[in-house]
Amino acid sequence: MKFRLEKDITLFQKKLQHWYANHQRDLPWRCNPTLYKTVVSEFMLQQTQVDTVLPYFHRWILNFPDFDSIARAKEEVIVKNWEGLGYYSRARNLHRVARILTSNEKIPSRAKEWEQYPGIGPYTAAAISSISFHYPAAVLDGNVIRILTRLTADATLFKDNNFAIRKLTPLANKLLDVLNPGTHNQAMMELGATVCMRSKPRCSVCPVNSFCSAGKRGDRDQFPRFTAKPTQRLKINRVWIQRNGALLLHKASSKAKRLADFYELPSAEGFVKNPMRKDRLVIKKRGISNQYIEERIYRVKSNAKITQLVRSSPDLHWIPASKMDAIILSGPHRRWINEIIAD
Ligand code: SF4
């Protein structure tokens with residue numbers, strides 16, 4: 001389907017927005033929307049599903065009702081409140097954004113201005129500026145890439161999302177309803193999340209199915225096309241060492257790229273050369289992007305050598321059970337520790 005005629009585009013926008021008005025999910029950031037709710041929700045929704053975000057969003061708004069309350073808080077308090085949601089650089093960036101906004105006299109309204117803020121890329125900038133300021137910038141992420149490539153049956157083999165975004169930006173801009181950019185963008189996001197899903201898209205109830213080439217041909221599952229990335233397999237051995245009711249944990253440096261200041265179970269390196277199967281407590285498997293990670297946790301008895309090692313390593317700490325809730329643990333490690341203790 002080529003969107004060459006103005007009347008086709010207008011009809012597309014009308015059908016999409018009419019559907020959105022009647023079928024949008026009841027989400028807390030859409031009820032009495034404010035710039036604050038939009039910014040927080042867009043940060044939380046980066047790489048994360050709506051269902052996962054919902055409880056965090058409710059709790060966040062209670063603890064931090066506005067930008068001022070975030071700006072006043074210490075960074076560790078902000079990160080602690082984000083615990084379990086993952087991708088913690090988002091929490092630190094949201095903190096920085098709140099501090100900049102509360103010290104600025106003027107709140108930006110254009111997408112390019114929002115892109116200057118920490119942690120805000122073109123997608124988030126387009127979402128914030130269009131929803132809160134009616135600024136005409138089209139959102140383009142994985143969901144929208146899927147919709148656009150299916151609408152046009154675009155069989156390009158993309159190297160990654162960035163390549164797809166570069167190719168599809170002109171089409172996304174052409175389809176954007178510049179008079180109602182916020183509604184249009186939210187409708188596109190909603191369509192990708194609830195109708196034009198990755199698997200089993202619901203074409204029979206899709207409001208724009210009359211425009212959709214792949215939907216008509218029945219090969220919508222073939223789009224979008226990406227070159228397959230090889231899966232990386234990683235194995236990590238970790239240790240479970242207790243002493244006087246305290247558990248040994250490793251704290252990442254505050255300058256670490258990932259998980260700065262977070263506690264995790266220490267890696268086995270330095271504690272045990274060849275961990276024995278009989279000492280294995282659990283094996284945990286998880287996938288992150290194209291990585292498949294297997295983590296094995298081994299029980300190791302505390303001894304004088306370990307006590308000495310901990311004394312001379314500023315990043316190793318004995319954490320008593322009573323303090324476990326107060327520290328910032330990565331989501332999977334908190335879960336595993338609770339499971340092992342419960343066992
Ligand atoms: Fe997606 Fe199907 Fe709608 Fe096409 S018709 S946009 S494939 S849900």
Side-chain angles (χ1 to χ4, degrees), residues 28-29 40-64 70 73-96 118-119 124 142 231-242 246-268 280-299 315-343:
W29 45 90
V40 172
S41 62
E42 287 302 330
F43 266 84
M44 287 191 171
L45 289 165
Q46 288 170 2
Q47 327 247 18
T48 311
Q49 303 274 336
V50 165
D51 288 347
T52 309
V53 163
L54 281 173
Y56 286 90
F57 184 83
H58 285 298
R59 200 180 66 192
W60 189 275
I61 295 293
L62 285 178
N63 291 345
F64 305 104
I70 299 186
K74 286 188 175 162
E75 187 181 275
E76 57 260 38
V77 175
I78 293 294
V79 175
K80 180 72 187 155
N81 274 270
W82 200 275
E83 192 185 284
L85 199 49
Y87 300 101
Y88 295 93
S89 58
R90 293 179 298 174
R92 298 180 209 277
N93 284 330
L94 178 57
H95 191 217
R96 286 186 203 124
T124 307
T231 306
Q232 263 187 314
R233 292 184 177 272
L234 296 176
K235 278 191 183 162
I236 303 172
N237 290 333
R238 297 193 179 271
V239 287
W240 179 277
I241 309 174
Q242 283 179 293
L247 180 65
L248 186 65
L249 294 177
H250 174 268
K251 188 180 182 192
S253 142
S254 55
K255 295 202 172 76
K257 262 193 178 170
R258 272 187 71 250
L259 300 173
D261 288 327
F262 269 65
Y263 287 83
E264 288 194 329
L265 290 165
S267 110
R280 195 165 71 208
L281 291 171
V282 281
I283 300 181
K284 294 292 179 185
K285 296 170 183 173
R286 55 188 167 137
I288 304 175
S289 174
N290 63 324
Q291 285 186 328
Y292 176 81
I293 308 170
E294 187 178 293
E295 308 209 27
R296 296 162 180 237
I297 303 172
Y298 293 89
R299 187 191 295 280
D315 46 356
L316 290 172
H317 303 268
W318 294 107
I319 306 294
S322 58
K323 295 267 168 63
M324 207 57 89
D325 280 346
I327 60 166
I328 308 173
L329 269 165
S330 75
H333 282 245
R334 185 172 293 285
R335 215 169 41 246
W336 302 341
I337 289 171
N338 286 340
E339 281 171 19
I340 293 172
I341 289 172
D343 248 11

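Along the sequence shown, residues carry numbers from 1. All values below come from the heavy atoms of this structure, side chains included, with hydrogens, waters and symmetry mates left out.
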Is the closest side-chain heavy-atom distance between L54 and P28 below 4.5 Å? yes

Mind checking the CG-CD1 spacing from L265 to I236? Nearest 0.5 Å is all I need. 11.5 Å

Which pair of non-hydrogen atoms, one from Q242 and one from W318, has the smallest distance, and what is that distance? C-CZ3, 4.0 Å

Quick check: closest heavy atoms across D261 and R92, and the distance to 0.1 Å? OD2-NH1, 4.4 Å

Is it the case that more than 12 heavy atoms not belonging to R299 sit under 6.0 Å from its CZ atom? no

Indicate the atoms forming the closest heavy-atom contact of A73 with H95, along with that distance. O-NE2, 2.8 Å

Among K235, R280, R286, exactly one meets salt bridge (charged side-chain N to carboxylate O under 4.0 Å, His left out) together with E295. Which residue is that? R286

Check whether any side-chain heavy atom of W60 lies under 4.5 Å from a side-chain heavy atom of V40, and answer yes or no. yes

Are side-chain N/O atoms of S330 and E264 paired as donor and acceptor at under 3.5 Å? yes

Find out whether T48 and R90 are in side-chain contact, i.e. whether some heavy atom of one side chain is under 4.5 Å from a heavy atom of the other. yes

CG of L329 to CG of L259: how many Å apart, nearest 0.5 Å? 10.5 Å

Contact summary for G331 and Y88, nearest pair of heavy atoms: N-OH, 3.7 Å

So I337 and Y263, do their side chains get closer than 4.5 Å, heavy atoms only? no

Step-by-step side chain to side chain contact (heavy atoms under 4.5 Å, CB included) determination, T124 to Q46: CA-CA 8 Å; T124 307; Q46 288 170 2; 3.0 Å; yes

Between the main-chain N or O of R296 and the side-chain N or O of K284, is there a donor-acceptor pair closer than 3.5 Å? no

Evaluate side chain to side chain contact (heavy atoms under 4.5 Å, CB included) for Y298 paired with N237, printing each intermediate quantity in order. CA-CA 7 Å; Y298 293 89; N237 290 333; 3.6 Å; yes

For a side chain to side chain contact (heavy atoms under 4.5 Å, CB included) check, start with the C-alpha distance between W240 and V282, then their side-chain angles and the critical distance, and finish with the verdict. CA-CA 10 Å; W240 179 277; V282 281; over 6 Å; no

Working to the nearest 0.5 Å, report the span between CZ of F43 and CG of L85. 12.5 Å

For the CD1 atom of I293 and the CZ atom of R233, what is their distance to the nearest 0.5 Å? 11.5 Å

Would you check if the side chain of T52 reaches a backbone N or O of V50 as a donor-acceptor pair within less than 3.5 Å? no

CZ-CD1 distance between F262 and I328, expressed to the nearest 0.5 angstrom: 5.5 Å

On a heavy-atom basis, which atom in Y56 and which in N81 lie closest, and how many Å separate them? CD2-O, 4.3 Å

Quick check for you: to the nearest 0.5 Å, what is the distance between N93 atom CG and I78 atom CD1? 12.0 Å

Would you say that M324 contacts L249 through its side chain, given a criterion of any heavy-atom pair below 4.5 Å between the two side chains? yes

Looking at every non-hydrogen atom in both residues, tell me the closest pair between E294 and I283 and how far apart they are. CG-CG2, 3.6 Å

Any non-hydrogen side-chain atom of S41 less than 4.5 Å from a side-chain atom of V53? no

